Amino acid sequence: MKVVLPDSSELELPDGASGLDAARAIGPKLAEQAVLVRANGSVRDLRLPLEDGAEIQILTTRDTGDEDALWVLRHSTAHLLAEAVMRLHPGVKIAIGPPIADGFYYDFEFPAPITESDLEAIEEEIRREIAEGRTWEREELSREDALARFEAEGQPYKVELAREAEGEISLYTQGDFTDLCRGPHLQDAKPIKAVKLTGLAGAYWRGDERNTQLTRIYGTAFYSQADLDAHLARLEEARARDHRRLGTQLDLFHLSDHSPGSPFWHPKGMVLWNALEDLRRRENRRRGYLEVKTPLLYDLQTYKTSGHYENYEENMFFVRAHEGEEPMALKPMNCPGHMLLFGSQLRSYRDLPLRYAESSTLHRDERGGTLHGLLRVKHITQDDAHVFVTEDQIQGEIDAMIDFVRYLYDRFGVTPRAELSTRPEKRLGTDEQWDRAEGALEEALKRHGMEYVISPGEGTFYGPKIDLHMTDVLGRSWQMGTIQLDYQMPVQFGLTYMGPDNREHSPVVIHRALLGSLERFLGILVEHYGGEFPFWLAPVQARVLPVGESHREATGALQQRLFAEGFRVDVDERDETVGKRIREAELEKVPFVLVYGDRESDDALAVRERGAGQSTLSYDALLARFRELAAEGDPEA
RNA sequence: GCCGGAGUAGCUCAGCUGGUAGAGCAGCCGCCUUGUAAGCGGCAGGCCGUGGGUUCGAGUCCCGCCUCCGGCUCCA
């Protein structure tokens with residue numbers, strides 16, 4: 001048989017030759033350093049036979065940055081972890097231990113609880129294993145033999161996995177530890193030069209909270225200590241961009257025990273907030289939305305009608321003004337209010353599409369342990385809207401919304417990931433309706449060139465949806481905007497419009513929040529910019545520094561003139577050195593610093609621009625520059 | 001809700017095995033009169049999250065609760 005090497009040359013091998021055989025045929029050094037073979041683009045254990053004609057690439061310990069090479073290294077390290085844990089904690093039951101982004105984990109059921117302080121000893125044990133030397137042997141066996149083996153070892157999770165495994169069952173053994181595993185794995189443990197156990201957490205067996213909670217140990221591994229150090233340094237840098245840290249540092253907002261999950265917005269944070277609100281309001285108006293405002297409190301009947309009382313009660317707040325009265329519910333969503341508003345008057349098909357927009361406050365009582373800075377709050381403000389349409393109008397309306405999405409996210413230079421969720425098993429409406437609805441959503445995504453993934457069966461019972469996701473600085477994914485088709489709620493509220501046929505019809509409603517929650521969007525934005533907001537967003541756009549006391553009059557006047565032009569400019573005339581005041585302006589990430597002393601005049605201002613160094617500009621040139629930068633917030637203006 | 005960790009001055013953090021609470025920055029008051037990333041000195045600032053317990057004595061040990069952090073689960 002033949003295989004094709006990366007340089008397109010062909011290598012002749014005996015039939016049934018493995019990746020390792022191929023490496024040996026090329027050279028002993030390569031065989032020694034080989035960790036993995038990539039055959040026709042997918043990773044394959046070195047020990048497995050290659051297919052005739054396959055294009056192969058041998059990955060070695062020198063491919064330290066290759067994702068697949070790291071993946072196999074970490075997977076093998078996970079097995080060393082399990083071996084170490086079994087030695088140190090006899091009687092432990094092992095579950096699964098895959099590589100993940102940036103590392104690996106292994107889930108265990110410990111006979112007695114462990115804490116983080118136990119990790120050090122386990123990490124030591126792993127290092128000892130590596131120093132002692134470990135090689136991985138692969139074997140294949142029948143399901144019966146595998147079951148018998150894990151039953152004999154008292155490993156119920158492995159028994160369960162073996163029972164469900166498809167195809168041949170393979171085992172990997174290193175030292176005296178054998179694991180049910182598809183592989184691939186390293187040949188031996190020598191290439192594992194840096195290991196670090198990074199955390200301990202509870203995790204439910206198979207991710208289902210009705211199951212036993214196991215103990216998950218997280219870790220990471222690299223081909224060199226330098227790579228591990230670089231990784232830790234990257235994490236540290238990411239932490240510096242964390243919106244919770246920047247929120248305090250830049251005086252944008254704070255969170256308090258007095259109202260968990262509800263941000264206190266400081267004046268500077270409020271500038272960002274209002275910029276988003278302005279953007280929302282301006283674009284809604286341009287695109288035919290009508291702004292409305294509906295109550296915060298509703299009787300229980302409203303939510304019984306909408307279905308929230310039945311399905312969402314545990315996330316809702318209820319209030320009662322006086323003992324003995326029926327409680328009222330604080331709204332967790334705007335839709336019921338908008339339904340009532342639609343139903344308050346007779347509607348004609350000529351009124352549709354009718355687009356109600358609202359960004360009032362919502363309250364959702366999130367489950368304990370899930371709050372997270374601005375990204376998961378109880379006090380939620382969405383750029384919400386409900387669009388009432390006829391079936392014929394769905395396509396055009398969805399299309400316009402996707403266009404709107406692009407416009408909004410482009411303002412900040414970010415690209416959300418789109419997810420199309422299609423019909424679930426339990427659903428309302430006809431298959432024909434679902435075909436049309438899903439088709440409308442997918443077509444709009446395609447037409448606007450948005451990349452998306454499909455989540456089959458993940459739609460709501462009342463309609464399919466498009467969700468937009470973004471990733472935070474810790475690598476977690478958050479849902480931002482959402483566009484949901486709903487055939488159901490208008491029916492529940494008995495909403496109708498008069499058609500051209502002089503008969504009553506039910507409208508379809510499209511729920512949509514494009515930025516999603518403003519709190520969450522701002523949190524993501526703070527991290528995206530690392531606090532260095534573009535000029536049009538920056539809470540303080542420029543700071544004027546008088547060199548000495550005698551310049552205060554001039555700097556005050558300069559600040560006033562720029563302020564009158566609509567710019568956010570302040571003056572730092574504290575009795576501190578210029579160097580110190582510049583340092584603080586830099587730490588606050590103020591885009592422009594204007595130092596003003598004896599040498600400055602309207603013809604020559606000393607301008608220090610964030611990221612661009614110093615220059616000398618006339619007042620008029622500076623003003624022109626400011627106007628140009630401010631226009632980035634609204635290019636159509 | 002679950003697993004693990006934490007809560008000390010406005011902020012960042014120190015306080016070992018129990019013995020009367022500390023630093024830097026910020027603040028305030030002086031001095032300096034300031035030219036592109038920290039000038040100098042002084043002062044003030046703490047129900048050590050909260051309720052209980054152990055102890056002669058608790059920031060420190062034990063229990064409950066609240067909140068936060070890292071995960072899991074959840075997320076119309």
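The chains referred to below are lettered A, B, ... by the order of the sequence lines, with proteins before strands, and numbering in each begins at 1. All values reported here derive from a predicted model rather than from experimental measurement.
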Take A/His89 and A/Phe110 through the ring pair (Phe, Tyr, Trp, His ring centres under 6.0 Å) test and state the conclusion after the steps. CA-CA 7 Å; A/His89 300 270; A/Phe110 284 93; 5.1 Å; yes
How would you label the contact of A/Ala606 with the nucleic acid (heavy atoms, under 4.0 Å): base, sugar-phosphate, or nothing? base
Quick one: label A/Asp598 by what it contacts on the DNA or RNA (base, sugar-phosphate, nothing), any heavy atom closer than 4.0 Å. base
Under 4.0 angstrom, heavy atoms only, what part of the nucleic acid is A/Val578 near: base, sugar-phosphate, or nothing? sugar-phosphate
Please classify the nucleic acid contact of A/Leu214 as base, sugar-phosphate, or nothing, using heavy-atom distances under 4.0 Å. nothing
Residue A/Tyr218, side-chain atoms from C-beta onward, closest of B/rU36, B/rG71, B/rC74: B/rG71
Against A/Ile217, only a single residue in A/Leu119, A/Thr198, A/Asp118 fulfils side-chain contact (heavy atoms from CB on, under 4.5 Å); can you say which? A/Leu119
Over all atoms of both residues, closest heavy-atom pair of A/Leu545 and A/Val578: CD1-O, 4.3 Å
Which of A/Lys378, A/His372, A/Arg376 passes side-chain hydrogen bond (donor to acceptor under 3.5 Å, both in side chains) with A/Glu366? Answer is A/Arg376
Does A/Ile582 or A/Lys465 map to a spot on RNA chain B nearer the 5' end, using the closest nucleotide for each? A/Ile582
With a non-hydrogen cut-off below 4.0 angstrom, is A/Gly597 in contact with a base, only sugar-phosphate, or nothing? base
Examine A/Phe342 together with A/Tyr356 and report whether their ring centres are nearer than 6.0 Å. no
Using a heavy-atom cut-off of 4.0 Å across all strands, would you classify A/Arg610 as base, sugar-phosphate, or nothing? nothing
Could you give the distance separating B/rC16 and B/rG7 at their P atoms, to the nearest angstrom? 11 Å
Over all strands shown, is A/Arg574 touching base, sugar-phosphate only, or nothing at heavy-atom distances under 4.0 angstrom? sugar-phosphate
Between A/Phe104 and A/His79, ring centroids under 6.0 Å: no
Tightest non-hydrogen contact, residues A/Ser601 and A/Tyr596, listed as CA-OH, 3.6 Å
Which ones in residues 97-119 of chain A lie close to RNA chain B, meaning a heavy atom under 4.0 Å from one of its atoms? A/Ile114, A/Thr115, A/Glu116
Counting any heavy atom closer than 4.0 Å, what does A/Arg367 reach on the DNA or RNA strands: base, sugar-phosphate only, or nothing? base
Of B/rU36, B/rG1, B/rG70, the nucleotide closest to the side chain of A/Gln614 is B/rU36
What class does the angle between the rings of A/Phe567 and A/Phe535 fall in, given that below 30° is parallel, 30 to 60° is tilted and above 60° is perpendicular? tilted
Compare the minimum distances between each of B/rG70, B/rU73, B/rC11 and the side chain of A/Thr248, then state the nucleotide with the smallest one. B/rC11
Among residues 370-378 of chain A, which ones have heavy-atom contacts with RNA chain B below 4.0 Å? A/Thr370, A/Leu371, A/His372, A/Gly373, A/Arg376
